[in-house]
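Notes for the one structure printed next.
Predicted, not measured: the structure shown is a model, and the values here were computed from it. Residue numbers run from 1 in the order of the sequence given.
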Amino acid sequence: MKARKVEKGDSFIQSGERVKSLYVLLQGTCKASYKTASWDLEPGSIVGILECSAENYICNYQAVTDCVLYECEYSGPEDFAKIFAAESKYVSVFFMAAMRRAFFFLRRHEEYLGRAQVYYTFLMGMFQKYEQFCSMYQADVHPFVRIELAKPFVEKNRIDKCMVSFYKKMAGKNLNEADEFLKRDIDLGVGEILNSAEWMQKTLGLVEDMREYLSLQKELLISVKEENLLQKYFELAVKISAEGMDITPLKESMDKIMDFAQKSQLYEEATLAAIIKKYKNFDFTKQEQEEAELLEEARPEEDPFQENFLEQILAFAEYDEEKGKQFCEDIASYKGLSDRFSVTDETRVLRRRISKSYYEIYTQVFRKIVDGAKLTNGLRMFLNFGFVDAELASEEVTKSLYDITTKLYLCKAPNVFTIYEWLMSIYKGENEPSRNEFDLDYPAYLQEQKRSGDIKEEDMKRLLNDNWAKVKFEIENMLTSNGKMTYGKISSFCPVLCEDDIINSVENMLVTAEKINSSLNYIRSIDFSIFYRMVVFSDPDRDINMEMIQKEVLPNIILMPNTGSRGMMWQETSGVRKDTPARFMLPVLSAADIMELMIEAAGRYRWEICRKIQGVRWNDVTEPSLTSEYSDYIQYYRKNHELSGDAKEKIKNALYKAKNNFREVFVKDYQSWINYEAKGSFRLNKVARDLFLKYCPFSKNIRQTLRINPMYQEVFQRFDVANERSVRRIEALYERYRKKGGEITKELQDNRDFYDL
C-alpha cells in the first residue's frame, strides 16, 4: 500500500481496464463517469469499491481537484485479507465506504424511478386532456400517432424497499459503530462489501435503463425533430383561434407542459429555451395566412416534397458538379428504359454507374447529417428507401413514402434498425461495423490494409477509433453488398427506388418491427433453443469456477434501403465473442412474406453459429455437432441403409438444386421442419428427422402434441430423461450456491427456465 498523488484533470482509471487497485481518497475530489452519468467522490470514499466484485473497472475516474490517494493492490476479493491484515481498522473503513456508496446508488434509483413514473403520468394526463379539447372544440386535427410509443417504465428487477431502508440505516452509522458491528471480523466485512458492490452494480444498470427510457420518451412531450404533444396543442390553438374561439384553456395547458419540461431537467437548456420562446411569443391574433405560415415553421420535420428533389439532394450533399450532372443524366436514361430489368451490357453499365454515384452521394449526405445538418422527411426518404426521383418512383408511391417517414418508429425496436439508425449507432460507438464480403471485420480490414502498404501503422491506430471511418466502411461494404443480396435479383439490381419494384401498396410492403418480432417469436415457439448459446458463469468464492449456462441472444435485424424479396443472415455473431447478437438483413419494403424470409435466415443462422462454435472441426463427425453429423449424412447418403430409394433420389435432387452446398440443403430441410414437421406433417426422411430432433428440438407444447405419434415417443422420452437429469444437477448446484451466499441472478434463472421450454 502506498500514497499516490493525482493532479487536477488527470484520468487515472479508464473503464474496461482490469481491476488492479482500490484507492482510499484521502484529499481532494474525484469524478466517476459511467455512460451518460457522473458523480463526485469526496474524501473518505474508496475509488473502485463499485468494481470490487468485477474483473474490469466499470467507470472512468478523473481527479476534479489535486488528489491524494492511498493505493491498495487488488485484483479480486481474496486480496481484501491482505489489505485488512496490514491495518485491521480498514475493515470498518471499507465497510462504511461501501454502505454509503450503496445507499447513494439506491437513492439515485428511487429518484429516477420517481421521475420516470411522474413523467409518464404527466404525459398521458396531458394527452387525455388534449383529446378532450379536440372533442370540446369539435376540431378536425391530425391524430397524434407517435403517442403509441408511450410506455410506462417497467423494471426488470424490482428493488425491495427494505433494502433501501437497510442501507440507509447502515450508511448513517459512524466508524465506531461500524467497528462495534463488525468486531473487525474480516470475513463478515468482506461479505458485506461484496454484497454492497453487487447492489451498486445492479442499481447502476437500472438507473441507466431509466435514463435511456426518459431520453427516448421525452421526445413525445417536447421535441425539435419529431411530432410531439406540445406541437399538437399549438396546432389546435392556431386552428381554433382562427375561428374566433377562446383558446385560454389551451394556452394554460401549453404553459403547464413547458413548466413541467423546465423542472424535469430532461432537456438541454438552450434547446428548451428556444422552443419556449417560440411558443410563448406566438401572436394568435395575426391574420390567418400569417398564422398558417408560422404554424408551418413550428411544425418539426414537415418539409413538403419538392419536384426537383434530385437536384436538391445533390446540392445538399455538395456532390461534385460534373459527377452530379452525369448522375442526373443516368437517372433520366434509367427512367427512359422500356425494360429496367434488362441484363444487356448497356443497361448493366448504366446500373453500375448509378450505383457507384448513389453510394458516393449517400455517404456525403450522411456525413452532412452527422455534422449537424437538419434531417428532413425528404432526406429520410433518400436514406431509408433509396428514393431519388418522383417520376421514377411514381406520384402515388412518393406520397405514400412521404407519409411513412412520419411513422418510421414502426420499424424500430431494440433489435430492429432502419439503415439510418444502424449507421448512426456505429457513428455513436454503440455498434461495431459488420464484416465485409471477404469476412474481415473492421480491425482485420485495417490490418490487411497495413500489410498491403495502403496505410501506415500510425494511420491504422488512428482509424481504429475513428467512428466516421467505421461508418464509411459499413456503407462501402455491408450496405452495398446487402443491397444487392436482399433485392433478390443481383443481375438487375439498382439501388434507386423504382415503381417497377413496388408490387403492392407501400404500407403493406413496409417491414415493421412488429412483423419481424412476430416472425422471430413464432420460430422460437417451435425451435425454442435456436438463439441460446452456452456461456461461462463463474464465482470462485462460492466454488463455481466454470459453469456452462444457457443464454438467449436475439439477432439484430437491419433494414436495407430497397425493395426486395430476400433475407440475409450476414453474421452469426457481432464480434469475436460468441454471446454477441447475429445480424440479419431484410429489405425495408418486402415483396416476399416476412415469415418465410425469417425462417430461411434462421436456418442459415443455425448452420453458421454451429460452424462458428465448432471452429475447424465443424465437419469432423468424431466431434458430434449439427454441422458434422448433417454433413456426414449428406456426403454418404448413397451408402445409408436407413434411406429408401425415393429418399436418396430426393437428396440427389436437393444437392443438384443447391449446387452441392450442404448448408443450402439443410436450410430447405429447416424450412420444412418449421412449416410442416412441427404441425405433424412429415416431409423429412427418418435420418434427417432424427438429426433435427437431436439438434433443433421442438418446444414443450409441440412435443406434447406430437407425443401420441409412435415415431416420436422414444426420442421424446430420451429427451425428457436427459432434461430431468440436467434440471436435478442445476437445482442441486443452485442450492449449494445459495447456502454459500450466492444470489440466483436473472441469467442463472434463465438458464434453469431453459429446461422448461
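- Counted within 6.0 Å of CD on Glu311, heavy atoms from surrounding residues, nucleotides or ligands total 12 or fewer; the atom is thus considered open.
- Counting only residues at least two apart or on different chains, no ring pair (Phe, Tyr, Trp, His ring centres under 6.0 Å) pair has a member in residues 321-348.
- Val511 pairs with exactly one of Leu597, Leu589, Ile594 by the side chain to side chain contact (heavy atoms under 4.5 Å, CB included) rule, that one being Ile594.
- Under the 4.0 Å criterion applied to side-chain N and carboxylate O atoms, Arg367 and Asp371 are assigned as salt-bridge partners.
- In summary, Asp459 and Lys456 do not engage in a salt bridge, as defined by a charged side-chain N under 4.0 Å from a carboxylate O.
- Remark: of the listed residues Leu586, Ile419, Thr512, Leu510, Leu586 is the sole one forming a side chain to side chain contact (heavy atoms under 4.5 Å, CB included) with Leu559.
- Taking 4.5 Å as the limit, every side-chain heavy atom of Val588 sits out of range of all side-chain heavy atoms of Asn562.
- Figure legend: Arg611 and Trp618 shown as a cation-pi pair, the cationic atom lying under 6.0 angstrom from the six-membered ring centre and within 45 degrees of its axis.
- Taking the six-membered ring where the residue is Trp, the centroids of Tyr427 and Phe366 are separated by 6.0 Å or more.
- Residues Asn477 and Tyr445 have side chains that never bring a donor and an acceptor to within less than 3.5 angstrom of each other.
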message: Between Cys498 and Arg340, is the side chain to side chain contact (heavy atoms under 4.5 Å, CB included) condition met? List the steps.
response: CA-CA 9 Å; Cys498 172; Arg340 297 192 185 108; 3.4 Å; yes
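- Qualifying salt bridge (charged side-chain N to carboxylate O under 4.0 Å, His left out) partners for Asp527, counting only residues two or more places apart in sequence or in other chains: Arg606.
- In summary, the side chains of Ser425 and Asn431 do present a donor paired with an acceptor at a separation below 3.5 Å, with no hydrogens or angles considered.
- Between Thr563 and Pro587 there is no side-chain heavy-atom pair separated by less than 4.5 Å.
- Taking Glu360 as the reference, Tyr319, Lys356 meet the side chain to side chain donor-acceptor pair (under 3.5 Å) condition, with sequence neighbours excluded.
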- prompt: Hey, mind stepping through Lys325 and Glu322 against salt bridge (Lys or Arg N to Asp or Glu O under 4.0 Å) and telling me if it holds?
  reply: CA-CA 5 Å; Lys325 184 178 178 182; Glu322 285 301 314; 5.6 Å; no
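- In this model, a donor atom of one side chain and an acceptor atom of the other lie less than 3.5 Å apart for Ser505 and Asn508.
- Between Phe666 and Tyr630, the ring centre distance stays below 6.0 Å.
- Side chains of Met585 and Met569 form no contact here, defined as non-hydrogen atoms less than 4.5 Å apart.
- With sequence neighbours excluded, the residues satisfying side chain to side chain donor-acceptor pair (under 3.5 Å) with Asn415 are Asn517.
- Ring centroids of Tyr279 and Tyr233 are separated by 6.0 Å or more, keeping the two rings apart.
- In this structure, a donor-acceptor pair under 3.5 Å is present between the side chains of Glu474 and Trp422.
- Under the ring-ring contact (aromatic ring centres under 6.0 Å, His included) criterion, Phe316 pairs with no residue, sequence neighbours left out.
- Between the side chains of Gln231 and Glu235, at least one donor-acceptor pair of N or O atoms lies under 3.5 Å.
- A salt bridge is absent between Glu458 and Lys461; no separation between the charged side-chain nitrogens and carboxylate oxygens falls under 4.0 Å.
- Judged by the 6.0 Å and 45° rule, Arg435 forms no cation-pi pair with Trp570.
- Asp466 is linked by a side chain to side chain donor-acceptor pair (under 3.5 Å) to nothing, counting only residues two or more places apart in sequence or in another chain.
- Looking at Asn619 and Phe662, their side chains never come closer than 4.5 Å, going by heavy atoms from C-beta outward.
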